Amino acid sequence: MKRTERLLKKMEELGLESLFLNNVQNIRYISGYTGTDSYILISPKGKWFITDYRYTEQAKNECVEFEVIERNRQTTTLGQCVNQILKDNNIKNIGFERDHINYGMLEDIKNDVEAADFIPTSGITEELRYTKDEEEIQLIKKACEIADKAFAELLKVIKVGMTEAEAALELEYNMRKLGAEGPAFDTILISGAKTSMPHGIPSDKKIEHGDFVTVDFGAIYKGYRSDMTRTFIMGEANDEQIRLYNSVLEAQVASVEGIKAGLTGKEADDLAGKVLERDGYYEHSGKSLGHGIGLDVHEKPFMNPICQDVLKEGCVVTCEPGVYIPGWGGVRIEDTVVITADGCEILTHTPKELLIVK
């Protein structure tokens, strides 16, 4: 069944005569459109793609199921365009994405629509994106492959005295050279005591001998994202660094070996949490195993101590336990995996054993 047909079926269940989409990733998922500044109005009575002259040609090439409406932004408001479609097709209600539309846009559209009920919706398209089809999985695999290769190239040049920012730039350049559209998110590449910050920002701090270095990064390939974290040590490791690393590694391996369809987010999170609790690190752990990934870097399902999202075959998620000790440092190890009926397939293939870079 086509994605538009699945969406229309869900709309029928909810009593929606039409649905207005403004979230760029949901628009891409439903229509195939890869640009910006465009909107979808979909109904059993028609599928309309609203854009302006800058993107009309692109939309006609990419959105083959849709009637492309070119709006003159100087003379016609978005609300007026929506209103005309509703009137022409005798549509009496319109759903909108309450989690994505801003107040100003919604009010402006309402002011121009003459006779239709506005119905807030949440997660309709995201529910369709919850599991990935084979084409999506192949694109994520390619994004993971690019990230693996880029990291291998980084390891050839990273050295004591290089700044975090320089190393991060090298990694992003490598991904671009290998075919990525860009980084999947702002690259995290931090060292020393800064590794206690899960989302630390690369700076002009120089990487020093004996530092933990945590690298959390991913590539975008044809809209789909990868996410991987590796932590290594520059020059020489001490006993406490080795103990912490081995605990996080055991927790991460336990998660990828135990995760499978049917587990709740809490049950999946427990796979790693039990190891860290046993070793005395749970207090400083991130207390979240991971998240879904696809067109967005963070999407359902999530896995944490209170999450009841159920993992399904075809979900693509991250397994990324971490421990963060303020003022001292931390370790995170992360893979992107696709859930199968009886386990998972790991999509990121960079080795995870403790690496000491000389």
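All residue numbers in this chain count up from 1 along the given sequence. Since this is a predicted model, take the numbers as computed values, not measurements.
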Indicate yes or no: does K9 engage E13 in a salt bridge with an N to O separation below 4.0 Å. yes
With a cut-off of 6.0 Å (strictly less than), are more than 12 heavy atoms of other residues, nucleotides or ligands near CD1 of I356? yes
Please determine whether residues F212 and V160 belong to a single hydrophobic cluster, defined as Ile, Leu, Val, Met, Phe, Trp and Tyr linked transitively by side-chain heavy-atom distances below 4.5 Å. no
So do Y324 and R332 actually touch side chain to side chain, heavy atoms under 4.5 Å? yes
Gap separating the CZ atom of R176 from the CG atom of L178, nearest 0.5 angstrom: 12.0 Å
State the CD1-CD1 distance between I27 and I42, to the nearest 0.5 angstrom. 11.5 Å
Using side-chain heavy atoms (C-beta onward) and a distance below 4.5 Å, is L354 in contact with L249? no
Quick one: are N22 and F20 in side-chain contact, heavy atoms under 4.5 Å? yes
Flag side-chain contact, heavy atom, 4.5 Å: R3 against E65: no
Output yes when R243 and D239 qualify as a salt bridge under the 4.0 Å nitrogen-oxygen rule, no when they do not. no
Lys/Arg N to Asp/Glu carboxylate O, R230 vs D335, below 4.0 Å: yes
Could you grab the distance from atom OH of Y245 to atom CD of E240, nearest 0.5 Å is fine? 15.5 Å
Salt-bridge criterion met for E334 and K352 (N-O under 4.0 Å): no
Any sub-3.5 Å donor-acceptor pair from K358's side-chain atoms to G235's backbone N or O? yes
Run the side chain to side chain contact (heavy atoms under 4.5 Å, CB included) test on T348 and D148 for me, step by step, so that the C-alpha distance in whole Å, both residues' side-chain angles and the decisive distance to 0.1 Å come before the verdict. CA-CA 7 Å; T348 40; D148 281 326; 4.3 Å; yes
Between CD1 of I124 and CG of L19, what distance do you get to the nearest 0.5 Å? 5.0 Å
So, the side chain of Y29 versus the backbone of L128: is there a donor-acceptor pair under 3.5 Å, distance only? yes
Quick check against the 3.5 Å criterion: does N89 have a side-chain atom that pairs as donor or acceptor with the backbone of I91? no
Around atom NZ of K222, are there more than 12 heavy atoms from other residues, nucleotides or ligands closer than 6.0 Å? no
Taking G286's backbone N and O only, do any of them form a donor-acceptor pair with S288's side chain (distance below 3.5 Å, no angle check)? no
Would you kindly confirm whether V256 and M228 end up in one hydrophobic cluster when ILVMFWY residues are joined by side chain heavy atoms under 4.5 Å apart? no
Please determine if R54 and D37 form a salt bridge, counting it only when a charged side-chain N lies under 4.0 Å from a carboxylate O. yes
Would you find more than 12 non-hydrogen atoms of other residues, nucleotides or ligands less than 6.0 Å from K60 atom NZ? no
Is it the case that the side chain of E62 and the backbone of A59 share a donor-acceptor pair, with hydrogens and angles ignored and the cut-off at 3.5 Å? no
Does D117 come within less than 4.0 Å of K92, counting only side-chain N to carboxylate O? no
With the 4.5 Å side-chain cut-off for hydrophobic clustering, are L244 and V253 part of the same group? yes
Side-chain ion pair, E114 and K87, N-O less than 4.0 Å: yes
NZ/NE/NH1/NH2 to OD/OE distance under 4.0 Å, D211 and K205: yes
Verify, without hydrogens or angle tests, whether K312 (side chain) and A341 (backbone) share a donor-acceptor contact under 3.5 angstrom. no
Any chance you could lay out the side-chain hydrogen bond (donor to acceptor under 3.5 Å, both in side chains) test for E136 and Y224, step after step, and finish with the verdict? CA-CA 7 Å; E136 291 178 288; Y224 284 82; 2.6 Å; yes
Would W48 and S43 count as a side chain to side chain contact (heavy atoms under 4.5 Å, CB included) if you check the C-alpha gap in whole Å, the side-chain angles of each, and the deciding distance to 0.1 Å? CA-CA 9 Å; W48 299 277; S43 164; 3.9 Å; yes
V215 and T229, any side-chain heavy atoms less than 4.5 Å apart: no
Can a salt bridge be assigned to the pair E299 and R129 using a cut-off of 4.0 Å between side-chain N and carboxylate O? yes
Test side chain to side chain contact (heavy atoms under 4.5 Å, CB included) applied to F66 and I30, step by step: CA-CA 10 Å; F66 289 77; I30 292 299; 3.8 Å; yes
Looking at E145 and K149, does any basic side-chain N land under 4.0 Å from a carboxylate oxygen? yes
Are any of the side-chain nitrogens in K194 or E164 under 4.0 Å away from the carboxylate oxygens of its partner? yes
Please determine whether residues I158 and M175 belong to a single hydrophobic cluster, defined as Ile, Leu, Val, Met, Phe, Trp and Tyr linked transitively by side-chain heavy-atom distances below 4.5 Å. yes
Counting only heavy atoms not in E57 (residues, nucleotides, ligands), do more than 12 fall under 6.0 Å from its CD? no
Is there a side-chain contact between E97 and N26, using heavy atoms and a 4.5 Å cut-off? yes
Are K274 and E277 close enough for a salt bridge, meaning some N to O gap below 4.0 Å? no
Going by an N to O cut-off under 4.0 Å, is there a salt bridge joining E170 and K156? no
Donor-acceptor contact below 3.5 Å, side chain S191 vs main chain I207: no
How long is the span from the NZ atom in K142 to the CD1 atom in I220, to the nearest 0.5 Å? 15.5 Å
Okay, side chain of E181, backbone of G223: is any donor-acceptor separation there less than 3.5 Å? yes
Same cluster or not: V248 versus M197, using hydrophobic residues (I, L, V, M, F, W, Y) connected whenever any side-chain heavy atoms lie under 4.5 Å apart? no
Examine distances only and state if a side-chain atom of R71 and a backbone atom of T51 form a donor-acceptor pair shorter than 3.5 Å. no
Does the side chain of V113 come within less than 4.5 Å of L86's, by heavy atoms? yes
Verdict with reasoning, V337 to C319, per side chain to side chain contact (heavy atoms under 4.5 Å, CB included): CA-CA 7 Å; V337 308; C319 292; 4.2 Å; yes
Has N23 got a side-chain atom pairing as donor or acceptor with Q25's backbone, closer than 3.5 angstrom? yes
May I ask you to check whether over 12 heavy atoms, not counting those of F118, lie within 6.0 Å of atom CZ? yes
Determine, for E67 against K47, whether the closest basic-nitrogen to carboxylate-oxygen distance falls under 4.0 angstrom. no
Audit row: R28, D296, salt bridge (charged side-chain N to carboxylate O under 4.0 Å, His left out) steps and yes/no: CA-CA 11 Å; R28 181 167 188 160; D296 283 312; over 6 Å; no
Do T214 and L189 have side-chain heavy atoms sitting under 4.5 Å apart? no
Might you confirm whether atom CG of L14 has over 12 heavy atoms from other residues, nucleotides or ligands at distances under 6.0 Å? yes
Between OG of S18 and CD1 of I94, what distance do you get to the nearest 0.5 Å? 4.5 Å
Over 12 foreign heavy atoms within 6.0 Å of CD, E134: yes
Decide if atom CD of Q138 counts as having more than 12 heavy atoms of other residues, nucleotides or ligands within a radius under 6.0 Å. yes
Considering non-hydrogen atoms only, spot the tightest contact between L263 and G258 and give its length. CD1-O, 3.6 Å
